[in-house]
Amino acid sequence: MRVGFIGTGEIAAAMVEGLSGRGHDLIVSERNTLMATELAGRFSDVQIAANTEVVAGSDIVFLCLMADVARDVLGTLPWRGDQAVISVMVDVPLAELATLCAPASDIALTIPLSAVATGRSVLPCHPDSDALRALFGESDAIIAVPTEAGLNAHFAASALSAPLLDLMQTGARWLAAQTGDAEGAETYVAGVFAGFLRQMSVQGADFGQLLDGLATEGGLNATMKQQMADAGAPDALRAGLDGLKPRLKL
Ligand SMILES: NC(=O)c1ccc[n+]([C@@H]2O[C@H](COP(=O)([O-])OP(=O)(O)OC[C@H]3O[C@@H](n4cnc5c(N)ncnc54)[C@H](OP(=O)(O)O)[C@@H]3O)[C@@H](O)[C@H]2O)c1
């Protein structure tokens, strides 16, 4: 496949890394120059081209721009009816993309995160996309979401990433302050959570079962969980997610 990327920023780079070496011709747009040059230097199957050439030379085009830039740029590009377009952009609905990328009509939304670079990540999409499955179906989990609103709710849930990683980093720093071993502290905290997540995929355990296993009365975990609840942490998380609803039209 010839796979193009319009907007060579953080998330495009992660997808390029994930796709490189799998027999595709990857074409990234010139901006940003530093990232495009770095990718073309690292991966022999990556070429750099102007936006127009990326679209003209691709079977599948990923849209990886900020929304305001997308509105300025996409309508000027030479879209074709026989190519697939996959947007990773928040804030640009399918109906608008259909206008901006006409006559292309095979258009889907998905939500990659940086782990797409290493595979076994999860890619919600709407509508279901043969193009996305052809590229990432073997390496990553594709979840077809039946509605655009549902996909947008997944965008909100993807924003759990930074607060939860921030909490883990806070915990690791606290541990490092006790032990004097910052690297060991990160390895331990990451390993604890990697272990739980592996348990979920191997044993089919759900969050409730894992929490039940940590609920020993008077235990350290139960004590911490209650303290965090008393401080309003779960309420703050729910309020944060609810606060994203107007932007995501939910
Ligand atoms: N980062 C994530 O984890 C993530 C996850 C899911 C979805 N997304 C979505 O992906 C999109 C991009 O996010 P990002 O984090 O990758 O942002 P980013 O790193 O800022 O990448 C956007 C890139 O677009 C480039 N650009 C600006 N004007 C352009 C033009 N006229 N033609 C071609 N490229 C142009 C920018 O280049 P310059 O630096 O030269 O301006 C920049 O490198 C956003 O809509 C975001 O919602 C991101």
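Predicted, not measured: the structure shown is a model, and the values here were computed from it. When a ligand or atom number is given, it counts from 1 through the structure's own listing order.
- Salt bridge annotation for Asp59-Arg2: present, with a cationic side-chain nitrogen under 4.0 angstrom from a carboxylate oxygen.
- Between Val88, Val116, Asn32, Val73, it is Val73 that holds the heavy atom closest to atom 31 (N) of ligand 1.
- Heavy atoms of Ala67 come nearer than 4.0 angstrom to ligand 1 in no pair at all.
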Salt bridge (charged side-chain N to carboxylate O under 4.0 Å, His left out) between Arg42 and Glu17, intermediate numbers included: CA-CA 9 Å; Arg42 274 177 77 194; Glu17 184 168 350; 3.3 Å; yes
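- Nearest protein neighbour of atom 27 (C) of ligand 1, counting heavy atoms only, is Arg31 NH2, 3.4 Å.
- Heavy-atom proximity to Pro112, at under 4.0 Å, picks out these atoms of ligand 1: 5 (C), 6 (C).
- Around atom 11 (C) of ligand 1, the closest heavy atom drawn from Val69, Leu63, Leu65 belongs to Leu65.
- By the criterion of a heavy-atom distance under 4.0 Å, the backbone of Thr8, and not its side chain, is placed next to ligand 1.
- Short contacts between ligand 1 and Met89, defined as distances under 4.0 Å to a heavy atom of the residue, involve ligand atoms 45 (O).
- For the 3.5 Å distance criterion, the side chains of Ser121 and Asp140 qualify, holding a donor opposite an acceptor.
- Ligand 1 lies nowhere less than 4.0 angstrom from a heavy atom belonging to Ser114.
- No hydrogens or angles considered: nothing links the side chains of Ser201 and Arg120 as a donor-acceptor pair under 3.5 Å.
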